[in-house]
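Excluded from the calculations below are hydrogen atoms, water molecules and symmetry mates; all remaining heavy atoms, backbone and side chain alike, are included. Proteins get letters first, then strands, A, B, ... in listed order; numbering begins at 1 in each.
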Protein chains: 2
Amino acid sequence: MAEQKRSQRRPQQGKKDRYMQPSILMGLYSKPSYGYELIQTIQRFGFVEGQAPPGMIYRHLRQLEEDGLVTSEWETEGAGPAKRIYQLTDGGLQMLSLWIGYMEKQVENLNELIKQYYEVKRNKSAQP
Amino acid sequence: MAEQKRSQRRPQQGKKDRYMQPSILMGLYSKPSYGYELIQTIQRFGFVEGQAPPGMIYRHLRQLEEDGLVTSEWETEGAGPAKRIYQLTDGGLQMLSLWIGYMEKQVENLNELIKQYYEVKRNKSAQP
DNA sequence: TGACCTATGTGCTTAAAGGATATATGTTTA
DNA sequence: TAAACATATATCCTTTAAGCACATAGGTCA
């Protein structure tokens, strides 16, 4: 019974990379935005299933601000509770650009592994 | 002084996806292998910079065996210390196939975000 | 008025990475 | 022949960030 927990590994089951930081930076690159709205934006990128937990978004936003990658100001006009509007700094822009480079490399690596997989698979089915 | 710790964080915060499990599974799909050799194999996939720490590989291998995705046996013949040779089980093969599907989806998501980035960039330079 | 949506935030637990260190075997070389 | 070195596996402890539950509060509408 104590082992049950461990044996349920599946891809995506553990704590994996959901590209939260670059998703937020990319969202803000399109236009200044705020936490609650970014939850929807990020969902569209497809790295998280369903909606990202709010706590996670706000945690990231605060960290980004502390690191000087975004700035924020309160928006009290308009309907509903006040929103904290974030926008990218120059540093944030540079970081996003680094992330894009990283992602491009990831795509290459992933494609290479995928290609190798199908090659091996083809070989195995040819000589079983 | 208390802030020093935070500012020493690596620039890109967020978990980097190292794809350790699928890399190991893919390595074993090509041919049965052992920890020390897999360290080199995995390096070639490009998801980790330099060599993966041995402790990490062995930890993964033990976990994979516990989960029934691989089996192992000691190889005492041949030069050098004995090797623990691992090979994929049917379950491991299925898991690898799931991983490939996941990776294909990741490639799509990544490409979509990258595309969006360059679109926004183009728009911004058109109307500054 | 109280249910509900919007909006932000805190706190605690756990999974996995990071990294240091230990152990042992066989091979080379000084 | 003893020391140095490459191979090979393994354990331990710390750090990091994800995962999740919960707390707070303003505004809208039946």
Side-chain angles (χ1 to χ4, degrees), chain A residues 2-24 32-42 47-67 70 72-86, chain B residues 4-24 32-42 47-67 70 72-86:
Chain A
E3 304 191 23
Q4 202 82 8
K5 186 176 58 179
R6 288 237 150 220
S7 57
Q8 283 173 344
R9 290 272 155 101
R10 293 270 127 51
Q12 272 359 302
Q13 181 96 16
K15 306 196 170 178
K16 43 169 246 178
D17 191 3
R18 317 217 298 191
Y19 294 100
M20 290 293 293
Q21 205 199 63
S23 295
I24 292 173
S33 184
Y34 55 98
Y36 195 82
E37 189 180 52
L38 283 166
I39 293 172
Q40 326 299 326
T41 309
I42 282 164
F47 295 113
V48 283
E49 256 173 87
Q51 295 198 328
M56 213 161 143
I57 305 285
Y58 293 113
R59 193 204 292 144
H60 270 272
L61 285 169
R62 261 177 285 125
Q63 191 60 59
L64 286 168
E65 184 158 31
E66 200 186 309
D67 293 348
V70 303
S72 74
E73 52 185 36
W74 283 101
E75 163 78 64
T76 49
E77 319 288 306
K83 316 173 203 318
R84 188 181 273 276
I85 308 283
Y86 289 87
Chain B
Q4 202 78 8
K5 189 176 62 180
R6 288 238 150 225
S7 53
Q8 283 173 342
R9 233 189 308 83
R10 70 165 181 277
Q12 299 191 186
Q13 92 183 50
K15 213 158 127 179
K16 288 213 190 174
D17 218 335
R18 295 180 142 66
Y19 294 102
M20 290 294 293
Q21 204 197 64
S23 295
I24 292 172
S33 184
Y34 54 98
Y36 196 81
E37 188 179 51
L38 283 166
I39 292 173
Q40 325 301 325
T41 310
I42 281 164
F47 294 115
V48 282
E49 257 173 87
Q51 295 198 330
M56 212 162 143
I57 305 286
Y58 293 113
R59 192 201 293 143
H60 270 268
L61 286 170
R62 261 176 284 123
Q63 189 60 58
L64 287 168
E65 184 158 31
E66 200 186 306
D67 294 348
V70 303
S72 74
E73 52 186 35
W74 284 102
E75 162 79 62
T76 49
E77 319 286 308
K83 314 172 205 315
R84 186 180 275 278
I85 308 283
Y86 289 88

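Within the structure, a side-chain polar atom (N or O) of A/Arg62 is placed less than 4.0 Å from OP1 or OP2 of C/dT10. Remark: A/Tyr34 is in phosphate contact with C/dA7, judged by side-chain N or O atoms under 4.0 Å from OP1 or OP2. OP1 or OP2 of D/dT7 lies within a sub-4.0 Å distance of a side-chain N or O belonging to B/Tyr36. Within the 4.0 Å cut-off from OP1 or OP2 of C/dG9, not a single side-chain nitrogen or oxygen of A/Tyr58 is found. Side-chain nitrogen and oxygen atoms of B/His60 include none within less than 4.0 Å of the OP1 or OP2 phosphate oxygen of C/dA16. Taking only side-chain nitrogens and oxygens, A/Arg59 never comes nearer than 4.0 Å to OP1 or OP2 of C/dG11.
Taking CD of A/Gln21 as the start and CG of A/Leu61 as the end, the distance is 10.5 Å to the nearest 0.5 Å. Once rounded to the nearest 0.5 Å, the distance linking NE2 of A/His60 with CG of A/Asp67 reads 11.5 Å. The distance from atom CD1 of B/Ile42 to atom CZ of B/Arg18, rounded to the nearest 0.5 Å, is 12.0 Å.
Remark: C1' of D/dA6 and CD1 of B/Ile39 are 13 Å apart, rounded to the nearest angstrom. D/dG19 atom P lies 12 Å from atom CD1 of A/Ile57, rounded to whole Å. In this structure, the CD atom of B/Gln51 is 14 Å from the P atom of D/dT9, given to the nearest Å. Atoms CD (A/Gln21) and P (D/dT16) sit 15 Å apart, rounded to a whole Å. Rounded to an integer number of Å, the gap from A/Leu61 CG to D/dA18 P is 13 Å. Atoms NZ (B/Lys83) and P (D/dA10) sit 13 Å apart, rounded to a whole Å. Rounded to whole angstrom, the span from the CE atom of B/Met20 across to the C1' atom of C/dG19 amounts to 14 Å. Residue A/Leu38 contributes atom CG, which lies 13 Å from atom C1' of C/dT8 at whole-angstrom precision.
Nearest nucleotide to the side chain of A/Met56, out of D/dA10, D/dG19, C/dA17: D/dG19. Candidate nucleotides C/dG9, D/dT9, D/dC20 were compared by shortest atom distance to the side chain of A/Pro53, and D/dC20 ranks first.
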Using the rule given for side chain to side chain contact (heavy atoms under 4.5 Å, CB included), can you reason through B/Arg84 versus B/Glu65, listing the C-alpha separation, both sets of side-chain angles and the distance that settles it, and then say yes or no?
CA-CA 12 Å; B/Arg84 186 180 275 278; B/Glu65 184 158 31; 4.3 Å; yes
B/Met56 and B/Arg59: CA distance, side-chain angles, deciding distance, side chain to side chain contact (heavy atoms under 4.5 Å, CB included) verdict: CA-CA 5 Å; B/Met56 212 162 143; B/Arg59 192 201 293 143; 3.8 Å; yes
Checklist entry - Hey, mind stepping through B/Lys83 and B/Glu37 against side chain to side chain contact (heavy atoms under 4.5 Å, CB included) and telling me if it holds? => result CA-CA 10 Å; B/Lys83 314 172 205 315; B/Glu37 188 179 51; over 6 Å; no
Please lay out, stage by stage, how A/Tyr58 and A/Tyr36 fare under the test side chain to side chain contact (heavy atoms under 4.5 Å, CB included).
CA-CA 9 Å; A/Tyr58 293 113; A/Tyr36 195 82; 3.9 Å; yes
Is there any protein nitrogen or oxygen under 3.5 Å from a nitrogen or oxygen in nucleotides 23-27 of chain C, and what are the pairs?
none

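Mapped onto DNA chain D by nearest heavy atom, B/Trp74 and A/Pro54 fall at different nucleotides, with B/Trp74 at the one closer to the 5' end.
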